[in-house]
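Here the structure is laid out as structure tokens; the discussion comes afterwards.
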Amino acid sequence: MRFVFVFALLFVGCLSSPEWWEDATFYQIYPRSFVDSDGDGVGDLKGISSKLEYLKEIGVTATWLSPIFKSPMADFGYDVSNFFEIDPIFGTMADFDELIEKSKEVGVKIILDFVPNHSSDECEYFEKSVESDPEYKDFYVWHPGKLIDGIRHPPSNWVSVFGGSTWTWNEKRQEYYLHQFLAKQPDFNFRNPKVRENFKAILKFWLDKGVYGFRIDAVPHIFEKLNEDGSWPDEPRNDWNNDPQSYDYLDHIYTKDQHETLDVMYEWRAFMDSYKNDNGGETRVILAEAYSPIEILDQYFSNSTHSGSQIPFNFGLMSLSGYSTAKDVENSVTYWMDVMWKKHKVANWVLGNHDNPRIYDRFGAHKIDVVNILLSSLPGTTVTYYGEELGMHNVKTECTEVSCDDRDGERTPMQWNDKLSGGFSTNPNPWLPLADDYKVNNVKNQRKTARSSFNIYKSLQKLKRTEAFKNFKDDSSWAYGALTEQIFHVKRSSSKDGYLILINMGDKIETYNFPENFFKPGIKDLEYHVVTERSSHYSGEKFQITNKLHLLPFEAVVMKWETPVV
Ligand code: NOJ
Ligand code: MG
């Protein structure tokens, strides 16, 4: 009898204490742009080390660093030339070891970017593959092409993500190689077991150094469909695009989300789990970058026999805009929850990254807090791109010798203070210019401004650590949805207290009367807890639930109640 009781307790215990990553706050750092410690105008590892306390201060659990490995920087590190080395622009291996050591002291986990789909064409593996070195000959995807009327053509009609053919002719090897991104990023051949082994060795190398997991780049692109005769099938046209150089020209049924990719994902997860079993410590995680439909993300998470990425990024909220209504938000949230929560009890919410314009530019300056509050209110993991806690905006950048990328605008230096280069660097000319508002809009100023986006962000992270938010695995502890066309709400509660998050998505004053059964019996009033600069209320102000509620345009508030003891 006592055993049954103990087991029951253990079971409830499991339910109520999620694993660290399940409601973690992940923070993406673009290392080139966070802090430059040596004055060369480019951010580096020592710079990141110096700001770990900052991450702790704002409530970050783990930080994901965009690639820091040796690279000729054709795609700013997403073209790796040595997977086991740190690029000198970011520092040395000793700097990395120091970063890990310090991260453990401070209590912020380090997650690295893992780029398995391709390497740089300056990677030794590729150079040896070009030479047909027996060990590396089949490390990449090579094909002699098709001879039509004596003229050589690429093996298929495929178009790369960045435009133009995925196939580039190599004079030396006298064959085409495949690249789903730039010609300087040849795709690995994951049908070659040696490639698979090599990548496990890479994972192990960095796990041994003490990282807590990886963000895996470009997951859907890892495999392409191969015909039995060794040829590659043409993809069908999209009739809505007439530019043969454009990625959207074709429907990517053979170059995205192939079923073999799932096997590799499960293999990596098994590797990470066995690493944990052998070495102890907390769970190591895989965050997977896949702009894929929910049914596919579901499979990257698991199938009936295997587990994969714990956090297949949910980019759903990123397709919302400044015009989105509360109903649109509800639909976007439900798209995920209906599949992933119902089946696996996991959720993650992403609102930005280095490939997409900032929240300011997608939603508007007036919606920074609205969006950050939405992100942190929902149950599960959140992912914040650096600078979004300040509401940084995109910068119109000019092409320079260093960079000419249409994503430069969202990669500008972090705005720390109003000094030279915003405190990012002692160099007056950082690799990308600072946004023009850095003298006003920076960490130093926002820290001392009561309702700044920075302080709102910080209080949201505190909220995520309250009992009402922590017991999210219990479905009855949360609810969400559109109360009206423009008011979105999230409710989070424990047996003791609860929070009601109300967000006015629209530009008009909204009013609302709570229906009788909206709150648990006995709750009579609420207290404003987090208020933004759009609000006429103050923290600590009371609200009687029988009163009519008013929300100003774009106002978002967190209200708190205490469950009466009966
Ligand atoms: C996705 C990364 O986020 C992006 O920055 C990069 O260009 C491509 N993958 C290719 O690695
Ligand atoms: Mg530097």
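Each ligand, and each atom within it, is numbered from 1 in the order the structure gives.
A distance of 8.5 Å separates OG1 in Thr397 from CG in Asp405, rounded to the nearest 0.5 Å.
Not one N, O or S atom of Phe90 sits under 2.8 Å from the Mg ion (ligand 2).
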Practice prompt. Kindly determine whether Trp158 and Tyr176 satisfy ring pair (Phe, Tyr, Trp, His ring centres under 6.0 Å), including the steps that lead there.
Written response: CA-CA 13 Å; Trp158 299 344; Tyr176 288 97; over 10 Å; no
Does ligand 1 have any N/O atom under 3.5 Å from a protein N/O, and what are those pairs and their distances?
unit_1, atom_1, unit_2, atom_2, d
ligand 1, 3 (O), Arg215, NH2, 3.0
ligand 1, 3 (O), His354, NE2, 2.8
ligand 1, 3 (O), Asp355, OD2, 2.5
ligand 1, 5 (O), His354, NE2, 2.9
ligand 1, 5 (O), Asp355, OD1, 2.8
ligand 1, 5 (O), Asp355, OD2, 3.4
ligand 1, 5 (O), Arg407, NH1, 3.3
ligand 1, 7 (O), Asp75, OD1, 3.3
ligand 1, 7 (O), Asp75, OD2, 2.5
ligand 1, 7 (O), Arg407, NH1, 3.0
ligand 1, 9 (N), Asp217, OD1, 2.8
ligand 1, 9 (N), Asp217, OD2, 3.3
ligand 1, 11 (O), His118, NE2, 3.0
ligand 1, 11 (O), Asp217, OD2, 2.7

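Among Asp79, Asn82, Asp87, the one residue that satisfies the side chain to side chain donor-acceptor pair (under 3.5 Å) test with Ser71 is Asp79. For the side chain to side chain contact (heavy atoms under 4.5 Å, CB included) with His393, the qualifying choice from Asp436, Asn441, Thr412 is Asp436, the only one to do so.
Within Asp44, OD2 is the N, O or S atom that lies nearest to the Mg ion (ligand 2). The closest approach of Asp36 to the Mg ion (ligand 2), by N/O/S atoms, is made by OD1. For the Mg ion (ligand 2), the nearest N, O or S atom contributed by Asp40 is named OD1.
Vertex the Mg ion (ligand 2); arms to Val42 atom O and Asp38 atom OD1; angle 150° (nearest 10°).
In this structure, Met337 and Pro379 have side chains that are in contact, with non-hydrogen atoms separated by less than 4.5 Å.
By the 30° and 60° cut-offs, the orientation of the rings of His354 relative to Tyr30 is parallel.
At distances below 3.5 Å, not a single donor-acceptor pair connects side-chain atoms of Thr255 with backbone N or O atoms of Glu224.
No donor-acceptor contact under 3.5 angstrom links the side chains of Tyr177 and Asp121, judged on distance only.
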